[in-house]
Structure formats: C-alpha cells, structure tokens
K.L.:
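Dropping the structure in here first, questions after.
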Amino acid sequence: MGIASVVVDVPAKQTDREFDYSIPGKWEHIVQPGMRVIVPFGPRMVQGFITALKNDSNVKKIREVKEILDLEPVLNEELLKLGSWLTEETMCFRITALQAMLPAALKAKYEKVLRISTGREEHLEATVQALFKNKDMISWKDVLESDHAALLQKHVRKGNLEVMYFVKDKLKKKTVRVIQPLLNKEGLEDYAGILPPNARKQYEVLHHFINHPDKIQLRELLEDVRVSNAVVKALIDKGILAEKEEEIYRDPYENRVFKQTEPFILTQEQADALRPVKKSIHDNSHAVFLLYGVTGSGKTEIYLQAIDDVIKKGEEAIMLVPEISLTPQTVKRFKERFGNLVAVMHSGLSIGEKYDEWRKIHRKEVKVVVGARSAIFAPFENLGIIIIDEEHESSYKQEETPRYHAREVAIERAKHHNCPVILGSATPALESFARAKKNVYKLLTLSKRMNESKLPRVDIVDMREELRNGNRSMFSKTLFSKLTDRLEKGEQTVLLLNKRGHSSFVMCRSCGLVTNCPNCDISLTYHRYNDSLKCHYCGHEERMPQACPECGSDHIRFFGTGTQKVEEELAKILPEARVIRMDVDTTSKKGSHERLLNAFQEGHADILLGTQMIAKGLDFPNITLVGVLSADTMLHLPDFRSSEKTFQLLTQVSGRAGRHELPGEVVIQTYTPEHYSIELSGLQDFDVFYEREMYIRRQSHYPPYYYLALINVSHEDLMKAVAVTEKITKYLTASLSPEAIILGPVASPISRINNRYRYQCLIKYKREPELKKQLRTVLEHYQQETAQNLLQISIDMNPQIMM
DNA sequence: AGCACGCCGACT
DNA sequence: GTCGGCGTGCTC
C-alpha cells in the first residue's frame with residue numbers, strides 16, 4: 001500500500017515533523033514527493049507537502065490523503081532537499097521553509113463554517129434559524145462576532161449543527177474566453193453566402209475569420225469587428241464558431257515591445273573577468289566569483305554574456321537584483337537581450353502575477369528569472385549560473401522566518417547544480433571580500449569604467465565650517481555654486497538625502513514631544529493619504545493630532561524624510577530649477593517610481609531629489625553632479641555595520657555621476673568629514689576602507705572574524721523577559737566553548753513591540769559545532785511557554801540588523 | 001495552531 | 001448536579 005509522508009501546514013514545535021497518510025488507490029500512480037495535498041489532521045483539514053513516499057508505516061491508525069492539489073510536484077527533489085537545509089540553517093519549522101520557496105498563491109486559505117445538520121432544522125430556536133436566513137452556511141468568524149456563539153456551540157454538541165472545514169487555494173488560474181472557427185476558409189465563405197441578408201453583423205464576424213483564421217480572444221473580437229456578444233453567440237450556437245476557456249498569464253510587461261540587443265564588445269578587463277566564469281559554466285564546475293567592479297565598469301554586460309552562454313548550453317539562469325533597483329530599466333536590459341525567455345519576480349507584482357511568473361519557470365517556458373530575494377528559489381532544474389548583483393545589499397537577508405540570506409542559498413543551490421555563482425558589487429560586503437582574499441571566492445576585478453569615463457571628482461564639505469561662516473542653509477556654498485552651474489549648462493543633478501528609514505515621524509516643535517506608539521517603543525509614522533499616524537510594528541492607528549497632546553501647542557508637524565523641506569528650500573534659492581522628488585510619499589502608487597524616473601531621463605527636470613532609493617541603478621548620461629546633503633545621518637546608528645553601510649551608499653550614489661561622455665562631480669556634505677568611511681568614499685578607495693574596517697572588526701570581534709547569532713526574547717512581563725534571557729545567556733556560556741563570546745542580556749534596540757518587552761543575547765563565535773544543537777535545546781526547554789504564546793524566542797543566525 | 005479532554009469552582 | 005473556566009496533550 002502507498003504511504004505518503006506529509007509535512008502539514010501547522011507551524012508549531014510539536015507538529016514540526018512528518019505525518020504518514022495512506023494514498024487511495026486511484027491516486028497511487030499520480031502522487032509524487034513535492035506535491036501539495038489536503039489531509040485530515042485531528043478534527044480539521046489542512047494543507048501539506050508530500051516529502052516522501054514509502055510502502056509501509058509504523059503508525060497504527062493511519063488516515064487517507066483527502067485530496068491531491070497538484071498534477072506535477074511544485075517542489076522538485078532538489079528544492080525539497082534545499083527545504084531541509086533551510087530548516088536546519090535558519091532553525092525554522094519545516095513547513096515554513098517549504099512555503100518560503102513557493103509563491104504566496106500556493107499557500108492554503110482555511111475556512112471554518114457552520115451548517116444545519118440534515119433534518120434538524122426543527123430543533124433550532126427562531127434566533128438561530130434567523131442567522132441562517134437565506135444561506136445554508138455561516139462562517140465561523142461571524143459566529144464568534146455574534147452574541148450567540150455559546151448557543152451555537154451547544155447545538156454543535158447536540159448534533160443539530162455541523163462544523164465543516166474547507167481548504168482553498170489563495171487564487172485561481174486566470175482564463176480568457178477564446179473564439180475560433182470550426183470551418184476552414186472555404187467552409188466559412190460558403191456559409192457566409194447562405195446567411196440571410198439581414199444578418200449583417202454575423203457576416204462581418206465570418207469575414208474576420210476568413211481573413212484571420214486563428215483563434216482570437218472574445219474581448220478582442222468584439223472590439224475589432226464592433227459587434228455584440230449576441231452575434232458571436234448566434235454563430236457558436238449554429239456550430240460555426242467554438243468558444244473555449246484558455247489559461248493566460250497575467251503578464252505585467254505585456255503590450256511592451258523590447259528591441260533586441262546584441263552582445264557588446266567587451267573591454268580587455270571585462271573579457272578577462274568573464275573567461276573564468278565561462279570556463280566554470282562549460283566544465284560544469286562549481287565556483288563562487290566575486291566580481292568586484294567600480295561603478296560604471298560594465299558588470300551587467302558580463303552577466304548578460306554569461307547568461308547567454310548558459311542558455312546556449314540549454315541551461316537556466318537566476319539573476320538576483322535588490323528590490324529597490326529592480327526597476328523597469330533593469331528588467332528592460334534583460335528582456336532586450338533574452339526576449340520572452342525572461343520571467344520577472346518582485347514585490348511590486350500582485351500575488352497572481354507572481355504566481356504566473358512562477359508558472360512560466362515551472363513549466364520550463366523561460367530560461368532566465370530576474371528577481372528579488374525570493375527568486376533564488378525559482379524551480380529550475382538545470383541551473384547553469386546564479387548571479388547576485390549588488391551582493392552587499394542587506395535586502396538579500398530575509399528579516400522574517402525563515403531568516404535566510406539569498407547569497408548562502410545561492411551557493412547551496414549552485415553546489416547541487418555544479419554551476420558558478422557570481423557575486424557582483426562595487427562595494428562588496430566585508431564578509432565576501434574577506435572570503436575572496438582567502439580564495440574561498442575567486443576575485444574578478446574591474447578597475448576601469450567603460451567608455452574611458454573617469455570616476456567622478458569628489459568634494460567633501462565640512463558643514464560645521466559652513467555654519468561658522470554664517471551659512472545656515474542646508475546647501476553648502478560649493479554645492480550651491482555647482483548646482484547653479486549645472487542649471488546653466490542644462491545638465492542634471494541627483495541630490496541624496498541620506499535619512500534613516502523611509503518614514504516620517506511627528507514632533508512638537510515647542511516641547512519636543514515625539515508621538516510614540518502606546519504599545520511599542522517606536523515613533524508613529526505619518527500617513528498622508530488619510531492624515532493619520534500608524535505604527536508599523538503593531539498596526540496601531542490614530543488621527544493626526546491638531547495640537548500637541550502634551551503642551552497644547554499647535555506647532556506640531558511631521559518630519560518627513562525631509563525631502564519636502566529640501567524641495568521647499570530649493571524652490572527658494574533656485575526658483576527656476578525643475579525638481580522631481582522621489583520618496584515614500586511620491587512613489588507609493590504603483591508605477592509612479594518608473595514614471596518619475598522616465599520624466600527625469602527625458603529631461604523634464606534638472607534635479608532629482610530623493611532618499612536611498614535613488615542611489616542605485618540610475619544610468620543617465622546627462623547626470624554630471626551628485627550631491628549628498630548629510631552623509632553622516634546613518635553613521636551613528638547602534639550597528640557595527642553603520643560605517644560599511646555609509647561607505648557603500650556614498651560610493652554607490654557617487655557612481656551615478658559622469659558615467660558617459662560628460663565628466664562627473666560629487667559633493668558630500670557632512671559634520672564628520674574626518675570619519676574614515678566618509679573620507680575614503682570621497683577617495684573611492686574600497687581597498688583602503690576594507691583594511692581599516694577589517695582592523696576594527698578584528699578588534700571588536702565582529703564579522704568576518706566572528707559569526708553572529710542573535711537570540712531575541714519577548715514577554716509581556718519585563719522581568720520575565722530579562723530573567724529568561726539571563727538564563728539562556730548563562731546556559732550558553734556554560735555549554736559553548738570558551739572561545740565563544742556571549743553578550744547579554746540587553747534590551748533590544750526596539751525595546752517593546754505590541755506591549756511585549758524585548759531582550760536579546762548576542763553570540764559571537766568562530767567555530768561552535770554544538771551551537772545549533774544547544775539552541776534547539778533552549779527552544780525545547782521553553783516549548784511550553786512559547787506554545788502558549790506567553791514567551792517568544794526568535795533566533796537569527798548571521799543577523800544583518802541587530803533588532 | 002486548533003481542538004478535545006478533563007479537572008476545578010460557581011451556579012440554576 | 002451542570003456549566004463553563006482554562007491547563008494539558010494530541011494531531012498520521
């Protein structure tokens with residue numbers, strides 16, 4: 001008898017294992033590991049994944065698989081294995097790992113409903129019958145909201161009402177109605193001849209098919225021939241035409257024509273960098289390359305040509321790009337080279353669109369996927385290369401469970417496929433560069449920009465000096481004069497306002513009160529569209545106050561990312577300048593990001609003003625000036641990577657200037673010009689920065705010299721949170737090797753979320769083979785309390801941010 | 001995660 | 001005696 005091992009969709013410690021189910025005979029030859037099923041689990045139905053098939057089971061009372069949800073496995077053997085690896089590495093539940101690899105559309109939706117048992121209607125009093133008025137089922141959610149929950153529950157016990165469980169897919173495949181002729185050209189002509197003379201419209205429809213015998217979408221047909229549905233219907237009824245439902249993809253890029261491009265001739269440097277990659281592709285050998293190339297050195301062309309080789313070899317490619325630079329511009333470059341062999345995956349797509357892109361990959365209709373972090377799980381079976389552009393970007397680390405880093409997943413998959421990985425960056429993560437130096441990764445260097453263009457000249461302006469000289473504006477003299485100069489020449493400027501986060505908070509200018517969330521220790525975020533304040537952590541929402549709740553002053557206003565204020569000041573000092581502002585406020589609508597960039601590219605503005613989101617990917621020939629208004633705002637964050645992040649951002653944004661014929665200039669304004677990350681980004685010298693930063697990391701026992709694991713404990717009771725963290729810290733100190741450094745307990749940077757106090761313990765280690773086992777023991781020990789949700793313990797292996 | 005089961009105190 | 005509170009343990 002066929003038995004399936006199933007991982008069920010119940011993310012909890014106690015159910016984090018396989019359960020056995022028997023397979024009904026009719027499905028015996030269909031089922032395969034990696035398929036989704038619906039299975040009975042206790043009293044309800046849940047979704048699950050078949051992880052293995054076997055012939056027998058030790059389980060006595062085995063139940064049957066209720067339904068098979070897929071005709072083809074959604075997870076192949078490799079991905080199932082990768083799921084186990086993810087579970088192990090990130091210490092998450094198996095089901096969480098499996099779901100993370102699939103588009104959200106494939107996740108189940110559960111519904112619990114009540115219905116009247118057959119023939120028991122008389123047993124119900126009028127109030128209950130009234131609830132069922134006009135419907136045979138009511139949802140459990142409504143029951144809980146009604147005042148009759150107890151009463152209804154009693155009827156369930158008596159058997160008058162029945163509880164039913166439904167498992168549904170989040171989403172259906174999208175279909176369109178398609179019309180096609182059932183006769184050939186001659187047949188249609190003959191039939192047109194015998195149509196009654198008053199059937200003019202039917203005649204026109206037939207005429208369409210005589211000229212275009214192919215099938216056509218009903219909607220298009222109606223538009224083209226300008227007839228109503230009734231006309232087509234008549235012809236279908238007569239058996240001349242046929243209608244059918246056809247599955248279609250929601251193609252976010254439909255109606256867009258991409259001009260094909262040919263590979264460019266590579267520079268000597270580029271060719272030298274590409275050669276070892278090509279060798280690895282053709283030898284089917286695994287290797288990780290760190291492509292370290294200055295901004296504008298033509299990394300993308302190397303990616304494109306490597307992918308081209310992979311496709312020619314009949315294999316597939318994954319191209320990861322950070323979410324914020326996954327702009328239509330980027331996508332265009334890949335679509336222009338590889339046409340419709342490209343699928344695109346990013347968070348801007350709807351659940352349905354993502355699902356459709358995923359299906360193109362699953363059905364082997366595309367060869368390349370360009371996407372953000374989660375595209376690393378694209379279900380390709382013959383991977384020939386994985387490329388991660390801007391590999392230092394922190395968005396490659398998922399900040400929810402499973403807390404994986406796409407770079408590590410990429411390497412794991414590439415090992416399985418015996419194929420190369422390219423990590424590309426002008427400012428590699430310190431960890432990556434260190435590995436390249438140790439020859440764990442192979443270093444490929446591009447030190448020159450293409451088109452012979454020079455790296456821009458960088459001016460670092462000390463804003464303290466400006467203040468001393470009586471300049472209180474946010475623009476230094478230098479920046480102002482260069483701005484005016486560009487304006488006169490008709491060249492373009494990018495202005496970066498380097499502010500932390502992307503949100504705007506509210507502060508009273510009289511008493512300095514910042515409106516905080518009542519449940520969390522974090523400021524509320526202003527939302528313009530409904531003039532309200534929201535907490536991004538717990539969802540708390542309140543109206544924007546008219547006066548300060550503390551001192552009553554009406555000088556209360558929001559401090560946005562500040563771009564608005566800069567815009568106002570620009571309007572004062574350079575009234576003739578046309579400014580495009582890009583920040584959360586102006587880019588929240590779908591497609592607005594692209595629209596603004598297009599407008600800038602087409603020269604409808606002189607200045608592009610924005611936050612971090614403008615630092616990447618812009619490649620416009622007319623940009624000759626980049627200004628950073630305040631370079632040091634994120635330097636003083638309590639994060640050991642803040643210097644690295646500052647250096648990376650400044651270098652990236654500087655790289656926007658002078659990429660083509662016109663030379664570029666950069667002005668960096670700062671209050672700490674002596675800080676090495678600012679000074680060295682001015683010199684664009686990553687190598688020196690690397691040495692400096694490595695020295696500091698070694699001194700303070702941080703990566704790449706040490707690995708990190710962060711344990712976060714939260715509890716409603718502050719003392720309890722501290723006590724548990726304390727106990728964990730003690731336990732780990734005792735059970736890990738003396739080389740491990742265990743710090744804590746300390747309050748989290750966000751010390752309270754949703755009225756739960758948060759404490760943490762940080763482990764720095766070099767080699768601790770027992771670490772995961774010990775952490776599992778810790779989780780095990782607090783199992784009971786975490787199950788009751790009194791206590792929460794989360795573990796982040798290799799955290800990117802210390803929250 | 002749900003849900004049933006079971007044991008306890010408070011009530012018709 | 002019975003209802004409903006919540007701690008405990010199970011789900012193939």
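Heavy-atom basis, side chains included; hydrogens, waters and symmetry copies ignored. Residue numbers start from 1 in every chain, and the chains themselves are labelled A, B, ... in the order their sequence lines are given, proteins ahead of strands.
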K.L.:
Quick one: sort the His405(A) and Tyr396(A) rings into parallel, tilted or perpendicular, breaks at 30° and 60°.
P.N.:
tilted
K.L.:
Round to a whole Å and report the spacing from CG of Asn789(A) to P of dC6(C).
P.N.:
16 Å
K.L.:
Examine distances only and state if a side-chain atom of Glu353(A) and a backbone atom of Ser350(A) form a donor-acceptor pair shorter than 3.5 Å.
P.N.:
yes
K.L.:
Between Gln153(A) (CD) and dG2(B) (P), how many Å, whole number?
P.N.:
15 Å
K.L.:
Looking only at atom types and distance, does a side-chain atom of Arg36(A) sit under 3.5 Å from a main-chain N or O of Val74(A), one as donor and one as acceptor?
P.N.:
no
K.L.:
Are the side chain of Asp16(A) and the backbone of Arg94(A) linked by a donor-acceptor contact shorter than 3.5 Å?
P.N.:
yes
K.L.:
Checking all strands, does Arg63(A) fall into the base, sugar-phosphate, or nothing category for heavy-atom contacts under 4.0 angstrom?
P.N.:
sugar-phosphate
K.L.:
Has Phe19(A) got its ring stacked on dC12(C), by the test of a centre gap below 5.5 Å and a plane angle below 30°?
P.N.:
no
K.L.:
Closest approach to the side chain of Tyr165(A), judged atom by atom: which nucleotide of dT11(C), dC3(B), dC12(C) is it?
P.N.:
dC3(B)
K.L.:
Could you state the OH-P distance from Tyr21(A) to dT11(C), rounded to the nearest angstrom?
P.N.:
10 Å
K.L.:
Counting side-chain heavy atoms from C-beta on, which of dT8(C), dG2(B), dT11(C) comes nearest to Gln14(A)?
P.N.:
dT11(C)
K.L.:
Base, sugar-phosphate alone, or nothing: which one does Lys60(A) contact when heavy atoms must sit under 4.0 Å apart?
P.N.:
nothing
K.L.:
Across the strands shown, which category fits Gln788(A) at heavy-atom distances under 4.0 angstrom: base, sugar-phosphate, nothing?
P.N.:
nothing
K.L.:
Rounded to the Å, how far apart are Lys154(A) NZ and dG4(C) P?
P.N.:
7 Å
K.L.:
Please work out if Phe41(A) contacts a base, only the sugar-phosphate, or nothing of the nucleic acid, heavy-atom cut-off 4.0 Å.
P.N.:
base
K.L.:
Take the protein atom NZ of Lys112(A) and the nucleotide atom P of dC3(B), then report the distance between them rounded to whole Å.
P.N.:
3 Å
K.L.:
Remember a base hit wins even if backbone is also touched, and classify Lys13(A) as base, sugar-phosphate or nothing at under 4.0 Å, heavy atoms.
P.N.:
nothing
K.L.:
According to a strict under-4.0 Å criterion, is Tyr110(A) in side-chain N/O contact with OP1 or OP2 of dG2(B)?
P.N.:
no
K.L.:
Rounded to the nearest Å, what distance is computed from the CZ atom of residue Arg44(A) to the C1' atom of nucleotide dA4(B)?
P.N.:
12 Å
K.L.:
Ignoring hydrogens and angles, tell me if any N or O in the side chain of Gln47(A) forms a donor-acceptor pair with the backbone of Leu106(A) under 3.5 Å.
P.N.:
yes
K.L.:
Rounding to an integer number of Å, can you tell me how far Gln784(A) CD sits from dG9(C) C1'?
P.N.:
9 Å
K.L.:
Measure from CD on Gln783(A) to P on dG7(C) and round the result to the nearest Å.
P.N.:
16 Å
